[in-house]
J.: 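Sharing a structure below in structure tokens format, with a few things to ask.
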There are 2 protein chains.
Amino acid sequence: MAAIQVQVTRALSILVLGSLLYPVLAGGQQPQILNLMPLPSSVQAGTGALRIDSLFSVELTGYTEPRLDRAVERFRTQLSRETGISLSGKSSDRTKATLVIHTDHSSKPVQQLGEDESYELEVTNAGAKLTAPTPLGAMHGMQTLLQLVSISPDSFTIPAVSIKDNPRFIWRGLMIDASRHFIPIDVIKRNLDGMEVVKMNVFHWHLSENQGFRVESKKFPKLHEMGSDGLFYTQDEIRDVIAYARDRGIRVLPEFDLPGHSTAWFVGYPELASAPGPYEIERHWGVFDPAIDPTNENTYKFLDQFIGEMARLFPDQFFHVGGDEVNGKQWDANPKIQEFMHAHGIKDNKALQAYFNKRLQAIVSKHGKSMIGWDEVLDPSLPKDITIQSWRGAASLADAARQGYRGLLSNGWYLDLGWSAARHYAVDPMGESASTLSGEEKSRILGGEACMWTEYADAENIDSRIWPRNAAIAERLWSPQEVRDPVSMYWRLEVISERLDRLGLMHKAYYRQMLQRIAGPSTPEEFAALRTLGDVVEPVKDYKREETVTVEPTSATPLIRLVDAVALESDAGRNFGELTDKYIASGCHDAASEGELRARLTRWQGNDARFQPLVQKSFLAKEPAATSQDLSAIGTVGLATLAYLARGQHASADWKSEQMAIVQHAEAPKSQLLLIPAPSVAKLVEAAASENGCSPAK
Amino acid sequence: MAAIQVQVTRALSILVLGSLLYPVLAGGQQPQILNLMPLPSSVQAGTGALRIDSLFSVELTGYTEPRLDRAVERFRTQLSRETGISLSGKSSDRTKATLVIHTDHSSKPVQQLGEDESYELEVTNAGAKLTAPTPLGAMHGMQTLLQLVSISPDSFTIPAVSIKDNPRFIWRGLMIDASRHFIPIDVIKRNLDGMEVVKMNVFHWHLSENQGFRVESKKFPKLHEMGSDGLFYTQDEIRDVIAYARDRGIRVLPEFDLPGHSTAWFVGYPELASAPGPYEIERHWGVFDPAIDPTNENTYKFLDQFIGEMARLFPDQFFHVGGDEVNGKQWDANPKIQEFMHAHGIKDNKALQAYFNKRLQAIVSKHGKSMIGWDEVLDPSLPKDITIQSWRGAASLADAARQGYRGLLSNGWYLDLGWSAARHYAVDPMGESASTLSGEEKSRILGGEACMWTEYADAENIDSRIWPRNAAIAERLWSPQEVRDPVSMYWRLEVISERLDRLGLMHKAYYRQMLQRIAGPSTPEEFAALRTLGDVVEPVKDYKREETVTVEPTSATPLIRLVDAVALESDAGRNFGELTDKYIASGCHDAASEGELRARLTRWQGNDARFQPLVQKSFLAKEPAATSQDLSAIGTVGLATLAYLARGQHASADWKSEQMAIVQHAEAPKSQLLLIPAPSVAKLVEAAASENGCSPAK
């Protein structure tokens, strides 16, 4: 089967890298679009298609359970929604339904790491058969089927196809930080819906932070009562989410971050900290001093009871203890801790944290769980059954694997840093340092997790920070390593993104609503001007937002600015870059590209004038006023440049430096926004001033 | 106060009819936007504005009840959502909160017709005070306050203002037909949210039809079990909706339509019909023969028990019995019924229905309710406490009032017929025939109801069929009669429409999702072409859709065509018409209008070429292919015409007739779609061919 995998995916890649925008099956009479994400490990095209009408029926054979019935009901609902067709079909003979789903046997009562998630799918013009060893594979197969539904010149159909599919990695996760900003249950659930679509199987729930403790504890109620501003999940809500996730083949991994990132614990229980209280919930962002006291035996008594309670609440076999970013200041300043370290030969804070982690690991293990932590928990003194989640880098992950620890990659997959989907997509758990590992060492790399930290995301915009880019990471974790063409990825990403929108994710719909707030009541022209601006800017990347604050934000600062509203990856900006490259690559002869560039530049040139009324009316529109001027300025530069290029004239060095000064001014971030098309306009200026006439910039 | 009312609203109208696009308060230092809908009966502008920050606090004084607490909680949530600001404010002194809401006394346990709904609102830069006799007024006032929130150059604010407000009519309703297409609870609830925003106070729930019986009956379970395809509301769900409505100051009026429109009743209880069964749920649209047997005593025994059960379930004082469109065929064909009529001196079917209604009225009255029915129930033999809902016309309503019956207007407010908001807005319960009534007769006209029949609406598109146009009807029913400027109305309608979108109504969001289904996976250009087409077409009006079917639709026919997806009123179409009129009125000298017309016409001219790939791929895009060609054709005509007009040339009669032939072809509906800009293009052609140069067409 491996041979088929590579063959098919190479065929896909070759076709994609050819003239077509979307992946195509080689088998049928005519090319068929396969808008699947993640792409399956093996695909063979058939002939014809299965027509969908109201008689479409679904039956389960073999092993069944209520979860499968519910999955079929969801499948039917979504098929109805996609097609608008009410499904009334019931087959008299279960094995003759339009879609027969055969499951061999049950999966584990609590979903385990490494359970069989494979499935096979046969679609012909007469019907569809989905076969899977366990309900997990059956559910994945239903998602694939839904993605295969397409409109044709006659009807809605599913193309004839033969698919064998199983994941490349057994751990495919999304972490959501529900602590810095509280993320309500309905938002969590719709993100679980999204994870199901892209076959992710671990929801990692970051539940405690300096800024908030988000779980009801019956043993230690002051944790949520005093540490959450009333924004916490009840245990019933958590059980509900876990059941919801299980219904979608998703494990729920809780994280309680210790010994640092723990201020919110100490509001109710200051005696746990390494410095005297009282403590208040932290309102700022950053790394803070408070840390649990690892030298106090009461700490371990507390944790034993607390972890016991949480271990019963969260059934997953893994338990995440955080462990990142302890600055050690409270430890340094506490004489009793220093004394303890001296007495026990603990030479530094790193060793002290390792001591804490060993004690913690014993407690976690006692309660039947396997411990997982961020890079910092890695210490040779810890037993090999802990798992390392690498946020620091691929080298750190490879190092852990070499030392015998299992690991997960998250470095390169921090969704909040604003990287492009293509950049996330290029990251591979087996890339870089990991590529030199032995087979056994490689087997310790279980997969990875996308991470959504929420300093600058809340219930309103978080979906847009996760989706659609998370689907590219999901594909990296599921599909064969050879699947990596970004052109195909971006085409399919947009298709999936639309599907997620129809499913209720808010990553598209939030945008107009946030722009409406910024604009206030406005004319269509004013609103269009705001949208034109918003469409071509992105927030500054990585940790630049922290580095460029004028007024330090707090957790109460409303996330209502343009930087909070715009997408982290500008489709319009990427599209302008592609057009520019295509135009220059044509020697500036491609009239169609030139026309499209001119249309966009013309719109931008006039945009600031249309935007001005909003600047007068709204403080939120006033903030990006300089960026709006920059956009019009690069519009003017771009149009002047196109005029040179279209006439085949060579622009002078003086002209070039004048234009480049304008463009460079526009490239400098303002109000934490990047003007994405500016570098492309610079390329055009370079081309116009090139000695050889139009030619790509170096 | 009446003097102030008229004065202020006239001032608004005058300002609106002047140069400004939006209603303006005359008092402040500079004009302030008052985006209220419905407009209050009296408004006085103050100076300054109340700033909204996280310390904004709300307190209740005077009479309070849990419903008011919930209303305040909703107010806080919505204020937070509008501004993005988390409200942490709690006032130590209840009377010093930012917003103090004082309620004098309770309203009735079951909301009654004519309860006091008035309120007064004083906003200064120091705070806001809302005073109301009852919770109903307090809740209306909170909605007004939310609509006053606006963005300023510094912050979010509420302008200083003094408002005294009460409704013109005491019955302001929206009817939803949940029977022809079943409308799920969540859709009902979000429409109640919308009604609250525009201060409507009656939700009329059309619960039985030939196509479905939608309420669980414990007495007669075969009604919902056999008459609903499983699509019905449980009694718990109904109680939940009633409580939800009460929380929003809305009465819930149930309608069980008899003696016609009743096929679904007879599936389970064929013995009630006037012809032998068996019966099946009706799948087609129209007026059908089945009618209850009014001559059978068992009919009344059944109805006594059934209405008893429903009278307990629905607490409202009114009970709607339908009564419309009985074709009488089953009565004519039944010898026993004919015999009964003869024996009792009942001369025709109208008299037979009056006999039935008298019996029915006695039962309704016995169960403590006041009967209401459509025009057809009007008969002098019925007691004067019945109420007539007029779907047939204003004359019918005036006639009822003259005869001593109370009445409601619905004629002119059928939302499903596709009229413009302006046309609905111009309808007035006191207009036409009613204007000649005496004062006492006029007092019998309680108000009216917008009606949403659902032959061509389902859960997916119904919000778009109701909103935003329903807000214009709501304003007609609430605001002073003098408030009737359509320019002001359209401006405020769009502001309210955006607010409803943010509140979760789907009338905007559904559109892109339905277009996505039609397009399937597509390039941005293809999708934009579909959207450009969809933006300028409307479904054929009134009952033309029924009259132009090619394949007769059934209740199972998916509502997924372009005609189902597009808005019933095209903003882009109206806008093009306004631009055209403005351009011609300028003697074709206004360069800005000309430029905008040219831009639109250019886009349309090229649109069909961009649309073609979808026609090849999707059966749903193929259907409107001819309309797409028409759009490009009128684009070409329009551009050629502009060229004449811009040169000041006089076009020849031959040229004119050639162009008009093209436009007239485009004006003819195809696939049940009207191409809205076509008549405006015809106006341009007329102007270009006018003897006197550019001048308005006759």
Side-chain angles (χ1 to χ4, degrees), chain A residues 21-22 33 35 54 80-86 88 149-156 229 231 458 460 491-492 494-495 498-499 501-502 508-509 512-514 516-525 527 555-561 564 571-572 575 596 614-622, chain B residues 21-22 33 35 54 80-86 88 149-156 229 458 460 491-492 494-496 498-499 501-502 508-509 512-514 516-525 527 555-561 564 571-572 575 596 614-622:
Chain A
L21 268 172
Y22 37 75
I33 302 171
N35 290 303
S54 66
S80 260
R81 195 179 299 159
E82 290 289 303
T83 60
I85 298 169
S86 300
S88 58
V149 173
S150 56
I151 198 163
S152 78
D154 301 315
S155 63
F156 288 98
D229 299 305
L231 298 171
D458 62 12
E460 187 172 27
W491 169 267
R492 291 177 293 112
E494 182 51 28
V495 175
E498 289 292 348
R499 210 175 122 51
D501 173 64
R502 294 193 294 275
K508 286 183 171 270
R512 201 168 53 80
Q513 298 193 350
M514 288 192 74
Q516 284 288 344
R517 183 191 289 135
I518 292 170
S522 53
T523 67
E525 292 68 31
F527 189 76
S555 49
T557 303
L559 298 179
I560 56 178
R561 299 161 55 207
D564 300 309
D571 289 338
N575 180 266
E596 292 200 38
L614 294 181
V615 173
Q616 305 308 314
K617 284 191 285 193
S618 156
F619 73 102
L620 293 173
K622 190 163 60 178
Chain B
L21 269 172
Y22 38 76
I33 302 172
N35 290 303
S54 66
S80 261
R81 194 180 300 159
E82 290 290 304
T83 60
I85 298 170
S86 300
S88 58
V149 173
S150 56
I151 198 162
S152 78
D154 301 315
S155 62
F156 287 99
D229 300 305
D458 61 12
E460 187 173 26
W491 168 269
R492 291 176 294 112
E494 182 53 28
V495 175
I496 285 291
E498 290 292 348
R499 211 176 121 49
D501 174 64
R502 295 194 292 276
K508 287 183 170 270
R512 202 169 51 82
Q513 298 193 351
M514 287 192 75
Q516 283 288 344
R517 182 192 289 136
I518 293 170
S522 52
T523 67
E525 291 70 30
F527 189 75
S555 50
T557 304
L559 297 179
I560 55 178
R561 298 161 56 207
D564 301 308
D571 289 338
N575 180 266
E596 292 200 39
L614 294 181
V615 173
Q616 305 308 314
K617 285 192 284 195
S618 156
F619 72 101
L620 292 173
K622 190 163 59 177

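Naming: A, B, ... by sequence-line order, numbering from 1 per chain.
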J.: Are the side chain of A:Gln513 and the backbone of B:Asp501 linked by a donor-acceptor contact shorter than 3.5 Å?
T.: yes
J.: Pick whichever of B:Ser618, B:Gly520, B:Ser80 has the most heavy-atom pairs under 4.5 Å with chain A.
T.: B:Ser618
J.: Can you tell me which portion of A:Gln616 sits under 4.5 Å from chain B's heavy atoms? Options are side chain, backbone, both or neither.
T.: backbone
J.: Is it the side chain or the backbone of A:Ala519 that comes within 4.5 Å of chain B heavy atoms, both, or neither?
T.: backbone
J.: When you measure from the side chain of B:Arg517 to the backbone N and O of A:Arg81, does any donor-acceptor pair fall under 3.5 Å?
T.: yes
J.: At a heavy-atom distance under 4.5 Å, which candidate from A:Met514, A:Arg502, A:Arg499 has the highest pair count against chain B?
T.: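 Ranked by contacts with chain B, first place is A:Arg502.
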J.: Among the options B:Asp154, B:Asp229, B:Asp571, pick out the one with the most heavy-atom pairs lying under 4.5 Å from chain A.
T.: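 Top count of heavy-atom pairs under 4.5 Å with chain A: B:Asp154.
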J.: Checking heavy atoms, do the side chain of A:Leu620, its backbone, both or neither come under 4.5 Å from chain B?
T.: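 Its backbone and side chain both get close to chain B.
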J.: Could you tell me whether a side-chain N or O of B:Lys622 sits under 3.5 Å from a main-chain N or O of A:Pro153, the two making a donor and an acceptor?
T.: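 Judged by distance alone, yes, a pair lies under 3.5 Å.
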J.: If you round to the nearest 0.5 Å, how far is CD1 of B:Ile560 from OG1 of A:Thr83?
T.: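 Nearest 0.5 Å value for the OG1-CD1 distance: 6.5 Å.
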J.: On a heavy-atom basis, which atom in A:Pro558 and which in B:Gly84 lie closest, and how many Å separate them?
T.: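 Here A:Pro558 and B:Gly84 meet closest at CB-O, 3.1 Å.
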J.: Could you tell me which of B:Ile151, B:Asp564, B:Val615 has the largest number of non-hydrogen atom pairs under 4.5 Å with chain A?
T.: B:Ile151
J.: Against chain A, label B:Thr557 side chain, backbone, both or neither, depending on which of its atoms sit under 4.5 Å from a heavy atom there.
T.: neither
J.: So which of B:Ala509, B:Ala556, B:Ser155, B:Pro524 has the biggest tally of heavy-atom pairs under 4.5 Å with chain A?
T.: B:Ser155
J.: Walk me through whether B:Arg512 and A:Glu498 qualify under side chain to side chain contact (heavy atoms under 4.5 Å, CB included).
T.: CA-CA 10 Å; B:Arg512 202 169 51 82; A:Glu498 289 292 348; 2.8 Å; yes
